[in-house]
Amino acid sequence: MDSNKTAASFVGVLFIIATLAPILTALFVRFLGGGVMGETSPDYLVTMSASETQVRIALLIELVWVLAVVGIPVVLFPILKKYNEALALGFYSLRFIEAISTVVSGIGLLALLAVSQEFALAGAPNASLYQSLGNLLLSVREAAFLIGSGLVWSLSALVLNYILYQTRLVPRWLSGWGLVGGALSLITYFLQVFSIHLTEFMFLPIALQEMVFAVWLIVKGFDSSATAPSPARTEMNGM
């Protein structure tokens, strides 16, 4: 029981980090735009070159973000697999895909910094070449975010909250909130694939739910009556 409480608290802290990290990253490189940050600044290469320290801090934050995203399924998997191993493995895999996408996004940011610095040195004659390369890298970064931190993250939230709703590891109002929020987020990001942009605040229900969920895990942990499945249930899951 103590190990489950410790694991729950650790996961709660990781959820807080994984939620705050992309917000902090966006603030440090807000000139790149995206989401609630609005349109990309027309002179983002110039601004980026002059803001090297900010960009490198954003990269470090993204690294912490990756570690948090990976840590969540690693800690949760031994608990969730007792109830539904297939879905637990699905959640595990989805969060790793999200982490890989975040790594790709970070590499794109580092490459953009290099291009911006070359752009600053090249001068006007080669400006269009560097601008085109910068736009390409920016598109890759945005696509990585859409896939990993948009679609895959939303799907992982649905899978996790479905397991939690079934098992009552946390109150059903909390996991039910997660199901609704995850569905809204998934629909929003899915439509963006077809260039249909709803309000960016559609992801707020699941973002807020994850914060409440995180605090719940830190303070309350998992329901003690749900973390010890009966032998009969274990046999049924094995079938």
Side-chain angles (χ1 to χ4, degrees), residues 7-8 10-23 25-26 34-35 61-108 140-170 172 174-194 198 200 202-214 216-217 222 237:
F10 188 48
V11 169
V13 172
L14 291 176
F15 261 105
I16 292 174
I17 293 172
T19 300
L20 293 180
I23 297 173
T25 299
I61 295 173
E62 288 199 345
L63 177 59
V64 174
W65 179 11
V66 169
L67 294 176
V69 169
V70 169
I72 289 170
V74 168
V75 179
L76 278 181
F77 182 73
I79 298 172
L80 299 180
K81 73 174 183 179
K82 299 174 184 177
Y83 303 93
N84 193 319
E85 187 167 357
L87 286 179
L89 184 59
F91 174 71
Y92 187 95
S93 302
L94 287 168
R95 294 310 299 243
F96 265 83
I97 294 172
E98 179 188 351
I100 292 170
S101 297
T102 304
V103 170
V104 172
S105 180
I107 293 172
V140 170
R141 178 173 164 81
E142 291 174 349
F145 182 88
L146 174 61
I147 294 170
S149 300
L151 293 169
V152 175
W153 168 63
S154 301
L155 189 56
S156 72
L158 284 173
V159 173
L160 174 61
N161 283 285
Y162 179 74
I163 299 174
L164 296 176
Y165 189 86
Q166 280 193 323
T167 60
R168 296 178 185 268
L169 283 164
V170 297
R172 279 193 160 176
L174 183 53
S175 53
W177 177 5
L179 286 171
V180 173
L184 288 174
S185 180
L186 183 62
I187 291 169
T188 301
Y189 285 115
F190 179 76
L191 290 176
Q192 286 185 17
V193 175
F194 302 97
L198 303 179
E200 291 293 336
M202 290 285 281
F203 77 91
L204 278 180
I206 188 60
L208 291 174
Q209 188 270 350
E210 287 199 345
M211 288 295 91
V212 175
F213 175 60
W216 184 277
L217 290 182
F222 292 115
N237 286 342

Practice prompt. Check the pair L160, L76 against side-chain contact (heavy atoms from CB on, under 4.5 Å), reporting the backbone distance first and the verdict last.
Written response: CA-CA 10 Å; L160 174 61; L76 278 181; 4.1 Å; yes
Worksheet entry | side-chain contact (heavy atoms from CB on, under 4.5 Å) assessment of V170 paired with L217 | CA-CA 8 Å; V170 297; L217 290 182; 4.3 Å; yes
Item to complete: Please test V74 against F96 for side-chain contact (heavy atoms from CB on, under 4.5 Å), starting from the C-alpha separation and ending with a verdict.
Response: CA-CA 10 Å; V74 168; F96 265 83; 4.3 Å; yes
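By the 4.5 Å heavy-atom criterion applied to side chains, Y92 and V159 are not counted as neighbours. For the pair T167/L80, no side-chain contact is recorded, criterion being any heavy-atom separation below 4.5 Å from C-beta on. Using a 4.5 Å heavy-atom cutoff, the side chains of Y189 and I147 are not in contact. When side chains are defined from C-beta on, L151 counts as touching V193, because their heavy atoms get closer than 4.5 Å.
Listed by first and then second residue, the salt bridge (Lys or Arg N to Asp or Glu O under 4.0 Å) pairs that reach into residues 141-152 are E62-R141, sequence neighbours excluded. Applying the salt bridge (Lys or Arg N to Asp or Glu O under 4.0 Å) definition to pairs two or more places apart or across chains, those involving residues 92-106 are R95-E98. Applying the salt bridge (Lys or Arg N to Asp or Glu O under 4.0 Å) definition to pairs two or more places apart or across chains, none involves residues 149-163.
The minimum heavy-atom distance linking S149 with W65 is given by the pair OG-CZ2, 3.2 Å. Between A144 and V104, the shortest heavy-atom distance links the atoms CB-CG1, 4.0 Å.
Considering only residues two or more places apart in sequence or on other chains, V180 meets the side-chain contact (heavy atoms from CB on, under 4.5 Å) condition with L184. Partners of F190 under the ring-ring contact (aromatic ring centres under 6.0 Å, His included) rule, at least two apart in sequence or in another chain, are F194. A search for side chain to side chain donor-acceptor pair (under 3.5 Å) contacts involving Y162 returns Q166, not counting sequence neighbours. F15 pairs by the ring-ring contact (aromatic ring centres under 6.0 Å, His included) definition with F213, not counting sequence neighbours. Checked against side-chain contact (heavy atoms from CB on, under 4.5 Å), A183 has the following partners two or more places apart in sequence or in another chain: L158. Not a single side chain to side chain donor-acceptor pair (under 3.5 Å) links E85 to another residue, sequence neighbours left out. With sequence neighbours left out, the side chain to side chain donor-acceptor pair (under 3.5 Å) criterion links S185 to S154. In this structure, T102 has no side chain to side chain donor-acceptor pair (under 3.5 Å) partners at least two apart in sequence or on a different chain.
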Taking only distance into account, with no hydrogens and no angle test, what donor-acceptor pairs under 3.5 Å do side-chain atoms of residues 202-212 form with protein atoms, sequence neighbours excluded?
residue, atom, partner, partner atom, Å
Q209, NE2, N161, OD1, 3.2
Q209, NE2, L174, O, 3.0
E210, OE2, W153, NE1, 3.2

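Rounding to the nearest 0.5 Å gives a distance of 5.0 Å between CD1 of I61 and OG1 of T25. Once rounded to the nearest 0.5 Å, the distance linking CD1 of I163 with CZ of F91 reads 7.5 Å. With rounding to the nearest 0.5 angstrom, the CZ atom of F222 is 12.0 Å from the CH2 atom of W216. Separating the CG atom in L191 from the CG atom in L186 is a distance of 9.5 Å, to the nearest 0.5 Å.
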